[in-house]
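One structure below.
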Amino acid sequence: MRGDGDGWVIDPDGSRYWGVHGAAGLLLRAPLDGGATGILLQHRAVWSHQGGTWGLPGGARDSHESAIDTAVREADEEAGVRADQLTVVAALVTHQSPSGWTYTTVIADTSEPVRTVANGESAELRWVGEHDVDTLPLHPGFGQAWPGLRERIARLDLQT
């Protein structure tokens, strides 16, 4: 499945980012047994950019898509999570490069840890307790964004 967003953006310092129109990923939350909150994480296939690390299902944004549309589409493609299984609660840019490339993290909730189906971009999909996420070898971009995302999640939970 190729879209018009597939391709690399290269910053003047040589840093490269996937998605000529930016990229987005889905941070999907669900209640776990015992009252914890689970986060759906993707163990990225070794062949992929930053392969072998853990992050969010996500990818390149096509020119006609919003960041939310991209994150929901990618979660379906990479994890088999359908749009009707989740409720989007927030979207925030968690990385912007000097070239203007952006990564948007879309936060969504589901009523239970939904069944997932990995595609070839995933070595594994796993529901991980929110407090255990940073014990895994995280994708560098996600690892850098995770503390701010946890703060945002905490503020969302206070509003409930």
Side-chain angles (χ1 to χ4, degrees), residues 1 3 5-6 17-19 21-46 48-62 64-96 102-160:
M1 291 182 223
D6 287 354
Y17 303 95
W18 182 250
H21 306 291
L26 189 74
L27 191 160
L28 186 60
R29 308 180 320 149
L32 299 178
D33 292 338
T37 298
I39 307 293
L40 179 61
L41 292 182
Q42 174 193 50
H43 192 195
R44 300 168 60 81
V46 174
S48 68
H49 183 58
Q50 303 290 343
T53 61
W54 289 84
L56 304 175
R61 184 175 170 179
D62 288 335
H64 65 278
E65 290 182 308
S66 70
I68 292 172
D69 292 339
T70 300
V72 171
R73 173 182 53 78
E74 289 283 343
D76 187 17
E77 291 174 7
E78 295 180 1
V81 177
R82 298 183 326 268
D84 65 353
Q85 295 176 294
L86 57 93
T87 302
V88 172
V89 295
L92 39 125
V93 173
T94 49
H95 185 81
Q96 182 164 355
T102 59
Y103 186 92
T104 302
T105 300
V106 176
I107 302 169
D109 292 333
T110 187
S111 60
E112 62 184 11
V114 296
R115 184 177 162 273
T116 59
V117 179
N119 75 356
E121 295 180 45
S122 305
E124 178 185 356
L125 295 164
R126 184 189 304 171
W127 286 97
V128 176
E130 180 180 344
H131 297 290
D132 297 323
V133 168
D134 54 9
T135 66
L136 297 169
L138 299 179
H139 177 281
F142 179 58
Q144 193 170 29
W146 179 238
L149 287 165
R150 283 193 70 185
E151 288 176 18
R152 177 61 186 241
I153 289 168
R155 287 195 308 272
L156 287 171
D157 290 343
L158 288 175
Q159 296 171 7
T160 333

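This is a predicted model, so every value here is computed, not measured.
Annotation: side-chain contact (heavy atoms from CB on, under 4.5 Å) contacts of Val117 (sequence neighbours excluded): Arg115. Evaluation of the side chain to side chain donor-acceptor pair (under 3.5 Å) rule for Asp84 yields Arg82 as partners, not counting sequence neighbours. Annotation: side-chain contact (heavy atoms from CB on, under 4.5 Å) contacts of Asp109 (sequence neighbours excluded): Arg29, Val89. Every residue was checked against the side chain to side chain donor-acceptor pair (under 3.5 Å) condition with Thr110, not counting sequence neighbours, and none meets it. Here His43 pairs with Trp54 under the ring pair (Phe, Tyr, Trp, His ring centres under 6.0 Å) rule; sequence neighbours left out. With sequence neighbours left out, Glu78 forms a side chain to side chain donor-acceptor pair (under 3.5 Å) with Gln42.
In terms of heavy atoms, Ala71 sits closest to Val106 at CB-CG2, 3.6 Å. Between Leu156 and Ala90, the closest heavy-atom pair is CD1-CB, 4.2 Å. Considering all non-hydrogen atoms of both residues, Leu86 and Ala108 come closest at CD1-CB, 3.9 Å. The minimum heavy-atom distance between Pro31 and Pro113, with the atom names listed, is O-CD, 3.5 Å. Gly19 and Ala60 get closest at one heavy-atom pair: CA-CB, 3.6 Å. Shortest non-hydrogen contact noted between His21 and Arg61 is CB-O, 3.3 Å.
A distance of 9.0 Å separates CG of Leu41 from CG of Leu125, quoted to the nearest 0.5 Å. Note: Leu56 CG to Glu74 CD = 11.5 Å, rounded to the nearest 0.5 Å.
Looking only at distances, no side-chain donor or acceptor of Tyr17 sits under 3.5 Å from a matching main-chain atom of Gln96. Although no hydrogens or angles enter the test, the distance criterion places no donor-acceptor pair under 3.5 Å between the side chain of Asp62 and the main chain of His64. Under a 3.5 Å cut-off, the side chain of Arg73 and the backbone N or O of Glu77 do not form any donor-acceptor pair.
A side-chain N or O of Ser66 and one of Asp69 form a donor-acceptor pair less than 3.5 Å apart.
Counting heavy atoms from C-beta on, the side chains of Leu27 and Trp146 come closer than 4.5 Å.
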Where do Thr70 and Thr104 land on the side-chain contact (heavy atoms from CB on, under 4.5 Å) test, with the steps shown first? CA-CA 9 Å; Thr70 300; Thr104 302; over 6 Å; no
Decide side-chain contact (heavy atoms from CB on, under 4.5 Å) for Leu28 and Ile39; before the verdict, give the C-alpha distance in whole Å, the side-chain angles of both, and the deciding distance to 0.1 Å. CA-CA 6 Å; Leu28 186 60; Ile39 307 293; over 6 Å; no
Trace of the side-chain contact (heavy atoms from CB on, under 4.5 Å) decision for Ile153 with Thr37: CA-CA 10 Å; Ile153 289 168; Thr37 298; 5.9 Å; no
Phe142 and Thr94: CA distance, side-chain angles, deciding distance, side-chain contact (heavy atoms from CB on, under 4.5 Å) verdict: CA-CA 8 Å; Phe142 179 58; Thr94 49; over 6 Å; no
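For Gln144, the CD atom counts as loosely surrounded, since its 6.0 Å shell holds 12 or fewer non-hydrogen atoms of other residues, nucleotides or ligands.
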